[in-house]
Amino acid sequence: MKTGVIIFPGSNCDQDCLDVSERVMGWEAIPCWHRDALPPGLDLVILPGGFSHGDYLRAGAIAARAPVMADVARFAQAGGPVLGICNGFQILCEAGLLPGALRINRDLIFHCEDVWLRVERRDTRFTSACPERIQMPIAHREGNYYADRETLARLEGQGLVLFRYEENPNGSVNDIAGIMSEAGNVCGMMPHPERASEDVLGCTDGRSVFESLALATGVGN
Amino acid sequence: MDDRSSSPWRWPREWGIDVTLNASITPDLVTQHGLRPEEYEGIVERLGREPSIVELGIYSVMWSEHCAYKHSRPVLRGLPTTGERVLVGPGENAGVIDIGGGLAIAFKMESHNHPSAVEPYQGAATGVGGILRDIFTMGARPVAMLDNLRFGEPSDPAMQHLVEGVVEGIAGYGNCVGVPTVAGDVMFDPGHAGNILVNVMCVGVMRSEDLALGQAQGPGNAVLCFGSATGCDGIHGATFASEELSEQALERRGAVQVGDPFMGKRILEATLELIRRGLVAGIQDMGAAGLTCSTCEMAGRAGTGIEIDLDRVPQRAEGMSAYEIMLSESQERMLAVVEPPKIEAALEVCERWECGGVVIGEVTDTGQMVVRHHGATVADIPAEHLTGAAPVYHPEDAPPAAPRPLGETPRIRRSEVNATLLRLLASPTIASKRWAWRRYDHMVQTGAAVRPGEGDAAVIRLRGRDGGPDRFIAVTSDGNHRAVARDARIGGQLAVCEAARNLVCVGAEPLGVTNCLNFGSPERPEVFGAFRRCVGGMAEACRALGVPVTGGNVSFYNEADGIAIPPTPMIGMLGLIEDAAHITRMAWREVGDVICMLGPLPEGLGGSELLKMTAGPDLPGTAPLGTIAPFDLEGEVRLQSLTLRAIREGLIRSAHDVSEGGLAVTLAECCLGGLGARIDAAPGDDLAVALFGELPPRVVVSVRAEDAPRLCAMAEAEGVDCAEIGEVTGGGLSLAGCEEIAIDALRAAHETRPWEGLA
Amino acid sequence: MGSHFEAEVTVMPKPEVADPQGQAIEQALARLALSGTEGVRASHVRVGKVVHLELEAADRASAERALEALADRVLANPNIESFSCSIRDPK
Amino acid sequence: MGSHFEAEVTVMPKPEVADPQGQAIEQALARLALSGTEGVRASHVRVGKVVHLELEAADRASAERALEALADRVLANPNIESFSCSIRDPK
Ligand SMILES: Nc1ncnc2c1ncn2[C@@H]1O[C@H](COP(=O)(O)OP(=O)(O)O)[C@@H](O)[C@H]1O
Ligand SMILES: [Mg+2]
């Protein structure tokens, strides 16, 4: 399995995602610079967390307009799986690859803590290996998901909500922590699976997301 | 007392002082620059002429207390600074310790007290930016940040705004750059109300061969600057840090510096790439005193000269004078020395990371620091005179005020124990600091193996490289000023010992010390007396424990309304954990485990949080109440080596040291993981002292029941007291025959935030 | 050579989108007893952004077109925000 | 019963203070090739905030006084920001 991890100036979970892909999952992991074209032959694209472009203006707004994002959109259109984590989720929304937007948390402060998630669907390529409830850290100040009424009805109606907070930390509508695209190949989530994938970090629930992707791709290692 | 505070100088342009070249240097102007007449005479003599206004500005910052350590250098020489593992000791941007396997750790602590008092968010944020630069400048990737904060009591109406701003500023910068803030402490005391303390520490990891030094090597090499453009902000920041906080001092500061963590992240990546690819011969950040300090220090360390042309320095404001460009403390700027064939590659790296990059001058062999502007030479000074010849003072030294004896110690009846414990747990200094650290991204870089609140120190996993195993380091920073206020020498010893003990309790061997010494004006004999004694105590403890000091920072002039803060040394320490199996946390592990207290019996209540709660806090400018007991340093060394050895032998299941709040609070904190404890025996016969006395230091551990005899035998062989005091249970905490307190009740008290319960 | 226009874009949260910053300010204002505000009550607080910039363009029409494009596609997020542009003639 | 005023406060970083956000946006805009912006160059980008609110006050003068106090003491940080207030007459 060959994963591309996109690096924007200000990304700061890029190394964590590369490391989980390589050392924990045993995949081939390729750093992809935001100004360059996406390398060919990828099985998965990860948009990592961080503060791309300082999160100035709006989280993810400037990164969403980077040259590489045109390639990511084409990759997604062709059915390639794309996982956006935290800032990656914000970028996907800003780029229009996922609906909605992430606003500042309702209490206006950054939250770095473990949360429990309900996995709403376990028949998708992002969740097939997940148990019903998983624990993962969040670390964000702009994770308060918003979609207008129609969009929300569509997300819920079509079963596109993948992860829901058991206790809403940030004010997200319908307790949404992660969603996927209609086509089912683009997923954005605020919690950090890569921070919960090794015993030494105290929790391995996040690994199930990566394991799901490996299963779906069928490329094995 | 201090002539600088009675006739303050002002930020030259704003206050109508001529900073152009034809300015004439009057005695007033010299005083306004914080230089003494005899210092000025030395300058004239060395230059053989009157300095220009630019040169005067340069001398004033380079010879400020902040940069030159005029009052502290002779005292600091008493600290042990060498050891087998020390790759870089004091003098560089950060100390570096070899941890084997080709890896080294750079670490350093800094204060940003005065800027944070003026503008808490930006002051704290730029403090974080500055300490990060000190670390990556050495070639190390920052892997952890720590913060030590001191405020006035939360009931003081001004404090909430300051605490909020400082915590938000640390979070704002650290989170964005992606360096986890993993530990620290926060204390509230009236003594710090007028002059809050914001100390930050950063820890970075590097391959030993990537070590980079801040030296301007090789005449003919280019001097490159990259990062943000230079603006009129923070002019004379170093001097600002070197005097008391007063209305006048605030007024005369240039524009407030604003941190740009996004630029901070870009120069971090660019710097590490430049170093890793061997593109720089020397590199240094522009911190205090900006371009002035970085150029002089780099030339001074290498024994070379440096020549720069200010017209090439990217500027944010129009029409800046040479004086302003040289003294600006605009953030996020770096200075590198590059061999001519590598310039192009170096500039490419800067471009890729979108952080500018211009050649502004060259290294020379003249030993002179030469500055040109608009075609004229505006400064031409021997670099070594600026860095090596700064005056040294031996201030008058008087013993600090002795504590007032306590008279009768407060007694606590058995029926009052639980309520006392809950009140202490909820007190701002002892209560959980979750309200702060949950706003810090402490998990980025997937390294937080022991997180805030889980152990006495944070444990950071360093990813194994090239298929090698993970490595683990532990970091902590601490400083209980209440002990130092009572006995500066013992307080200094205790501060070092507490940091080391915190490391030992998570299973780490202490390897190196950094520190930040926050004191009042050294020109007050009793302040200097406390400083000298405190550093002496620190040195004794470092020697006894065998840990060298690799760097630190002195912050003098922490005063308000003419009253010094309590002497507040902060100790940062680095430890190494050889085996992941040795990582130890504070929470009990299993019902039935035996709880032991290692160390001597408690003595007295002087300096304790209990006494603060019952008799009130130490008040600024008055002698503190209650003495502290003599401290057996040798015994402490034995206690720590026993604890570490027992952990390494797999005996210890949990460990937590006794600090603020005493044994009862320590036990309660061990219960927060979910298991309870039944404590049968309170050591000693006075309940207050036994449960709430904080000294001498002790460690509470839990072991499997069958291992308890072995631990006791080991302790006896090492000459350490070991008392079985109780047992881990599935219920709550019951202390020496008192009713059980439910864990939820302990947790609720411990999670009290500083402003809860206040109007 | 073009001319030089001063431009301003104001970006506000859409009315139907909750504005936590505005709410926090509103609450703070209600709680604070600021001198000078006695007897005055603030409500409907909404917080937006304002971007000042200078545009170098051939003429006013192209400056306006560019400003609109920047605002619509970068400075504001149409999912949650609305914007307004204004431009001043070159001095 | 008082009247009802619509008020607006604009808060900008002071000119001498660095505006990292404005700088980053300026750099990003220079790199973006947005259709509709060809031949137009943006510079001197500064980002501030704008607060809309409604005031209930006895008269315009007291509304103005209150707005000024709010802006000065709550909405702007005088260390690094300057502000301007405007108020509209009741409809
Ligand atoms: N300002 C802070 N920033 C980060 N972590 C903090 C801060 N203050 C306290 N902590 C963390 O909270 C925990 C408890 O702190 P403290 O009460 O000082 O414990 P101890 O007395 O054991 O040192 C530790 O893990 C400490 O590192
Ligand atoms: Mg402590």
Side-chain angles (χ1 to χ4, degrees), chain A residues 7-20 22-24 26 33-36 48-57 59 62-63 85-87 105 107-115 136-142 169 191-203 206, chain B residues 141 143 164 167-168 170-182 259-270 351-355 434-452 454 459-461 463-470 472 580 583 585:
Chain A
I7 304 179
F8 301 96
S11 295
N12 64 30
C13 304
D14 46 333
Q15 297 305 316
D16 303 355
C17 289
L18 288 164
D19 185 64
V20 161
E22 244 166 29
R23 283 201 331 155
V24 178
W33 186 238
H34 71 123
R35 280 197 227 159
D36 298 341
F51 287 70
S52 57
H53 294 275
D55 270 4
Y56 296 146
L57 192 59
I62 298 176
I85 301 167
C86 198
N87 194 226
N105 295 348
D107 59 4
L108 305 180
I109 63 175
F110 194 94
H111 285 236
C112 178
E113 61 207 358
D114 285 324
V115 296
M136 262 184 232
I138 54 168
H140 61 246
R141 206 172 83 110
E142 271 123 14
H192 285 271
E194 82 281 12
R195 296 186 184 186
S197 291
E198 294 171 85
D199 285 316
V200 66
L201 302 177
C203 177
Chain B
R141 176 170 289 277
V143 295
E164 181 66 26
V167 168
E168 194 63 13
I170 292 170
Y173 205 104
N175 297 356
C176 184
V177 177
V179 177
T181 302
V182 296
D260 181 356
F262 177 43
M263 181 58 91
K265 170 71 170 167
R266 283 177 287 162
I267 59 174
L268 182 165
E269 296 296 344
E351 199 283 328
R352 181 176 146 87
W353 289 104
E354 297 173 25
C355 53
R434 185 188 308 275
W435 54 267
W437 52 253
R438 82 150 177 181
R439 292 161 79 160
Y440 303 153
D441 188 344
H442 49 272
M443 297 191 236
V444 63
Q445 298 192 18
T446 59
V450 173
R451 298 183 193 174
E454 290 184 349
V459 176
I460 307 293
R461 180 270 303 262
R463 288 177 193 136
R465 296 161 194 245
D466 311 321
D470 287 346
F472 295 88
I583 297 174
R585 296 177 173 77

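In what follows, chains are A, B, ... by sequence order, proteins preceding strands, each numbered from 1. Please read all numbers here as calculations on a predicted model, not as lab measurements.
Taking the six-membered ring where tryptophan is involved, the planes of F262(B) and H53(A) are tilted, since the angle between them lies from 30° to 60°.
For R463(B), the salt bridge (charged side-chain N to carboxylate O under 4.0 Å, His left out) test picks out D16(A), D19(A), with sequence neighbours left out. By the salt bridge (charged side-chain N to carboxylate O under 4.0 Å, His left out) test, E142(A) pairs with no residue at all, sequence neighbours left out.
Minimum interatomic distance between G10(A) and K265(B) (heavy atoms only, all atoms of both residues): CA-CG, 4.0 Å. Contact record, E194(A) with T446(B): O-CG2, 3.5 Å, taken as the closest heavy-atom pair. For the pair P9(A) and E354(B), the tightest heavy-atom approach, listed with the atom from each and the gap, is CG-OE2, 4.1 Å.
Between R352(B) and W33(A), some side-chain heavy-atom pair lies under the 4.5 Å cut-off. Within the 4.5 Å cutoff, side-chain heavy atoms of D260(B) are placed close to those of Y56(A). For the pair D55(A)/C176(B), no side-chain contact is recorded, criterion being any heavy-atom separation below 4.5 Å from C-beta on. Annotation: side chain of V444(B) is not in contact with side chain of Q15(A) (no heavy-atom distance under 4.5 Å). Between F51(A) and V177(B), the closest side-chain pair of non-hydrogen atoms is not below 4.5 Å.
In this structure, chain A has a heavy atom under 4.5 Å from the side chain of E168(B), while its backbone stays farther away. S11(A) touches chain B through its backbone: at least one of N, CA, C or O sits under 4.5 Å from a heavy atom, while the side chain does not. Heavy-atom distances place both the backbone and the side chain of R439(B) under 4.5 Å from chain A. Contacts of N105(A) with chain B are absent, with no heavy-atom separation under 4.5 Å from either backbone or side chain. Using a 4.5 Å cut-off between heavy atoms, A448(B) contacts chain A through its backbone alone, with no side-chain atom that close.
Exactly one of D114(A), L201(A), I138(A) qualifies for a side chain to side chain contact (heavy atoms under 4.5 Å, CB included) with M443(B). That residue is D114(A). D441(B) pairs in a side chain to side chain donor-acceptor pair (under 3.5 Å) with only one of the listed residues (H111(A), R195(A), H192(A)), which is R195(A).
With salt bridges taken as basic N to acidic carboxylate O contacts below 4.0 Å, none links E113(A) and R434(B). Using a 4.0 Å cut-off between charged nitrogen and carboxylate oxygen, E22(A) and R465(B) do not count as a salt-bridge pair.
Between chain A and the options G467(B), G464(B), G447(B), A580(B), heavy-atom pairs under 4.5 Å are most frequent for G464(B).
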**Prompt:** What do the steps show when you test N12(A) against Q445(B) for side-chain contact (heavy atoms from CB on, under 4.5 Å), and what is the final call?
**Reply:** CA-CA 8 Å; N12(A) 64 30; Q445(B) 298 192 18; over 6 Å; no
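Rounding to the nearest 0.5 angstrom, the gap separating the SG atom in C112(A) from the CZ atom in R438(B) is 10.0 Å.
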